[in-house]
2 protein chains.
Amino acid sequence: MKNLLTDYVAKFITLTSEESEELVKSFNEVKIKKKQFITQPNFTSRHRNFVVKGAFRSYVVDDKGQEHTVQFAIENWWISDFNSFIYQHPATLFIVALEDSTLLQLDYEKEQELKKKSHKFETFFRIIAEKGLAFEHRRIIFNLTHSAEARYENFLLSFPHFVQRVPQYALASYLGMSVEFLSRIRNKKAIRKS
Amino acid sequence: MKNLLTDYVAKFITLTSEESEELVKSFNEVKIKKKQFITQPNFTSRHRNFVVKGAFRSYVVDDKGQEHTVQFAIENWWISDFNSFIYQHPATLFIVALEDSTLLQLDYEKEQELKKKSHKFETFFRIIAEKGLAFEHRRIIFNLTHSAEARYENFLLSFPHFVQRVPQYALASYLGMSVEFLSRIRNKKAIRKS
DNA sequence: GAATAAAATTGACGTAGGTCAAAAAAAATG
DNA sequence: CATTTTTTTTGACCTACGTCAATTTTATTC
């Protein structure tokens, strides 16, 4: 399972096989059953999680008890309560497995060691943070500038592999709309096509 | 003016005075007049911008011609079309000075050299990317979970120094509401207090 | 594979926040 | 400092999307 991570890392930095081995060995493989939580509010998130198999969803529950999806992750994506992880303070998010899954987890302290020890490893974490930031900027801009329907269409085009694997109610709340409204958008589309 | 940057950097990494000098010397000081643009759609953003004096606003214009504010920056903040800068492809945002301002600009190629040359500099850029990502996560979560009025109240509390310096129409669009609606929120509050 | 639970759909109705246009206030400019 | 431009406010009306409740469909479990 660790090959996936090796390949992923190789997209961003060039490592010798020893370096690559060292990095990947720092991760622990864990199996997570569907519906199992890996993060919960008030518990500090201790690892960075790389999905090698399965799917996850992170979400927050507001004062009215409504769930709002913050992120999805499938193979080759990271998922965490990032604020909790980097500042090592209590989480505000739930993260739950949507399928039986396998994660590679990197411990917070272990990550600090890796970054301190190696300039290349530091570069790797800098790059994934920058890419993450650029991604979230695009998301914020798109959300500010588009209607519910356009946001859904855009999600279909941008993340076709996610659509089949995440429940509608989770997708609706990720896109900032009610599950009923998303259902109507989908239905309208289906009618238009027939 | 460069002391501000020196102090800023010192919050995240410990540098010798030579290192500090080298980093800060890599930035160019530029004066920007109010209403002047430093980034425009279709032009690639060539620098990372650190505000030492003044205020800026980045925004996108949608298909209906409406402006949506993406970010504000005052002293000690960075501002850029981050997607344009890190991928060196054409920008989609406008960035304009809200006041007569002074920037420290770091050229893209110069930044790459700095990161390649020094592990510490690499760490610095990693940290600011991670902090930026954590910030945007908090923003996305807050926006998903709160009403227009709550978003305004939160902005007042979180960024009191910005409030006096940014126009209402820009703030309204940053918070994802119309300028008229923001005006009503403010007015309601004022009445409540009297 | 029947029973139960979870997710998605549908209809009726409600509301947060938008739009348009005009007026007032504030800021910029010569 | 009077004029022009930009920004904010106000009122009347509108709509995209939400809520609630009931039903249907799909998944899960024993």
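Everything numeric here is computed off the predicted structure, so don't read it as measured data. First the proteins, then the strands, lettered A, B, ... as listed; each starts at 1.
- Aromatic ring centres of A:Tyr8 and A:Trp77: separated by at least 6.0 Å.
- Contact record, B:Thr14 with B:Glu19: O-OE1, 4.4 Å, taken as the closest heavy-atom pair.
- Checking A:Asn154 against A:His146 by side-chain atom types alone, no donor-acceptor pair falls below 3.5 Å.
- Residue A:Lys35 places its side chain closer to C:dA6 than to any other of D:dT9, C:dA6, C:dT10.
- Under 4.0 angstrom from either OP1 or OP2 of D:dT28 there lies at least one side-chain N or O belonging to A:Lys34.
- Remark: A:Arg139 engages A:Glu136 in a salt bridge, criterion side-chain N to carboxylate O under 4.0 Å.
- When all heavy atoms of A:Leu144 and B:Gly176 are compared, the closest pair comes out as CD2-CA, 4.0 Å.
- Atom CD in A:Glu180 sits about 10 Å away from atom C1' in D:dA21, given to the nearest Å.
- In this structure, B:Asp100 places its CG atom 10 Å from P of C:dA28, rounding to the nearest Å.
- Here A:Phe181 lies in heavy-atom contact (under 4.0 Å) with a base.
- Remark: A:Gln168 is not in phosphate contact with D:dT26, judged by side-chain N or O atoms under 4.0 Å from OP1 or OP2.
- Taking side-chain N and O atoms only, B:Arg186 has a distance below 4.0 Å to OP1 or OP2 of D:dT9.
- Comparing B:Arg151 and A:Ala170 by the nucleotide of DNA chain C that holds the closest heavy atom to each, the one mapping nearer the 5' end is A:Ala170.
- Rounded to whole Å, the distance from CD on A:Glu99 to C1' on D:dA27 is 14 Å.
- Of the candidates D:dG18, D:dT10, C:dG18, D:dG18 carries the atom nearest the A:Ser178 side chain, counting heavy atoms from C-beta on.
- When each of C:dG11, C:dA7, D:dC17 is scored by its nearest atom to the side-chain atoms of A:Tyr169, the top-ranked nucleotide is C:dA7.
- Residue-to-nucleotide contacts include no donor-acceptor pair under 3.5 Å from the side chain of A:Arg184 to the base of D:dG18.
- One interatomic measurement links the two molecules: CG of B:Leu182 to C1' of D:dT7, which rounds to 12 Å at whole-angstrom precision.
- The nucleotide whose nearest atom lies closest to any side-chain atom of B:Met177 is, among C:dG18, C:dA7, C:dT10, C:dG18.
- Listed nucleotides D:dT7, C:dT9, D:dT10 differ in distance to A:Asn187; the shortest reach to its side chain belongs to C:dT9.
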